[in-house]
Amino acid sequence: PARPPPALVQPRDYHGMHRLSVVVTLVVLAGGVGFAVQALTERDAEVMGEKLQAIVDRSVLEPGDRTPLVTSFTERQVNAYLRFVAGPTLPVGLLDPTIAIGDNGKVSGRARVDLDAIRKSKPRSALDPMAYLSGTVEVAVAGVLESSRGQGKVTLGSATVGGVSVPKSLVQEMVSYFTRTPENPQGVDLDRPFDLPARIQQVRTRAGHATIVQ
């Protein structure tokens, strides 16, 4: 029988790691970065969980107690973690996210999104395009993630919902919904830098790999 996913302690910044994954999944899809077929394993998920836990543990230390930490991982480890572990902690309405990591901040992301959950999250006027969308569809977006000094910024390229191109305003609606927190009820604004979670300073990427500097 399959082993249960690793039990992870969840300090105050732990969900921030999931929110970072959500942001990457929804808003960074770079043309030319493809999705390879991967044989994901629970061991890959465990390795990724251990790395995330080390990042979280370090984030709660006082500045004088922290030493520089550089953590590298593969896209296969990330996708295994998303499949076997992260699901229950992802926001309601975000399903089966997958990423592919490219060079220089290019990261592809796709997921199935419950548009009804977003549509019903607030009152809608007849002029709001979100008022006419429903069902669970695949979402893919295109852009580049830049980060430095504890902040990230996404430059959005194109976006599709169910294979149909959509404007940036609709992507912003989804990103705001999935990244909102009690501290930031409006969620991430694509036009502004956002704070990286867990005191992460920078995220670097190369094909199939990412490195977090904390």
Side chains of [X] and [Y]: closer than 4.5 Å at any heavy-atom pair?
X    : Y    : value
M130 : S121 : no
V137 : L115 : yes
F73  : L52  : no
V85  : M48  : no
V144 : N104 : no
N79  : L82  : yes
I118 : E173 : yes

Taking [Y]'s backbone N and O only, do any of them form a donor-acceptor pair with [X]'s side chain (distance below 3.5 Å, no angle check)?
X    : Y    : result
Q214 : A198 : yes
T205 : A210 : no
S147 : G152 : no

All N/O donor-acceptor pairs, side-chain side in residues 188-195, below 3.5 Å, sequence neighbours left out:
unit_1 : atom_1 : unit_2 : atom_2 : d
D189   : OD1    : D191   : N      : 2.9
D191   : OD1    : K168   : NZ     : 2.4
D195   : OD1    : Q151   : NE2    : 3.2

Using side-chain contact (heavy atoms from CB on, under 4.5 Å) as the criterion, point out the one residue from L40, T41, V47 that pairs with Q77.
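Between Q77 and the candidates, side-chain contact (heavy atoms from CB on, under 4.5 Å) is satisfied uniquely by V47.
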
So does R43 pair up with E50, basic N to acidic O under 4.0 Å?
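Salt bridge flag = yes for E50 with R43.
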
Can a salt bridge be assigned to the pair R119 and D116 using a cut-off of 4.0 Å between side-chain N and carboxylate O?
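Counted as a salt bridge, because a side-chain N and a carboxylate O are separated by less than 4.0 Å.
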
About how many Å separate [atom2] of [Y] and [atom1] of [X], when rounded to the nearest 0.5 Å?
X    : Y    : atom1 : atom2 : answer
L170 : S165 : CG    : OG    : 11.5 Å
T160 : R110 : OG1   : CZ    : 10.5 Å
Q202 : T211 : CD    : OG1   : 9.5 Å
D103 : R204 : CG    : CZ    : 14.5 Å
M174 : D114 : CE    : CG    : 12.0 Å

Where [X] and [Y] come nearest, the two heavy atoms and their spacing:
X    : Y    : result
R199 : L61  : NH1-O, 2.7 Å
A131 : S125 : CB-O, 3.8 Å
R76  : D44  : NE-OD2, 3.0 Å
I101 : E75  : N-OE1, 2.8 Å
G187 : T179 : CA-OG1, 3.4 Å
A111 : L94  : CB-CD1, 3.7 Å

Pair listing, side-chain hydrogen bond (donor to acceptor under 3.5 Å, both in side chains) test, anchored in residues 126-137, at least two apart:
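For residues 126-137, and leaving out neighbouring residues, the side-chain hydrogen bond (donor to acceptor under 3.5 Å, both in side chains) pairs sorted by first residue read R124-D128.
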
Kindly work out whether a path of hydrophobic side-chain contacts (I/L/V/M/F/W/Y, heavy atoms less than 4.5 Å apart) joins L145 to V213.
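No.
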
Pairs satisfying salt bridge (charged side-chain N to carboxylate O under 4.0 Å, His left out), at least one member in residues 138-167, at least two apart:
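Non-adjacent pairs meeting salt bridge (charged side-chain N to carboxylate O under 4.0 Å, His left out): zero.
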
Between H209 and S72, is a side chain to side chain contact (heavy atoms under 4.5 Å, CB included) present by the stated rule, with each step listed?
CA-CA 7 Å; H209 298 78; S72 296; over 6 Å; no

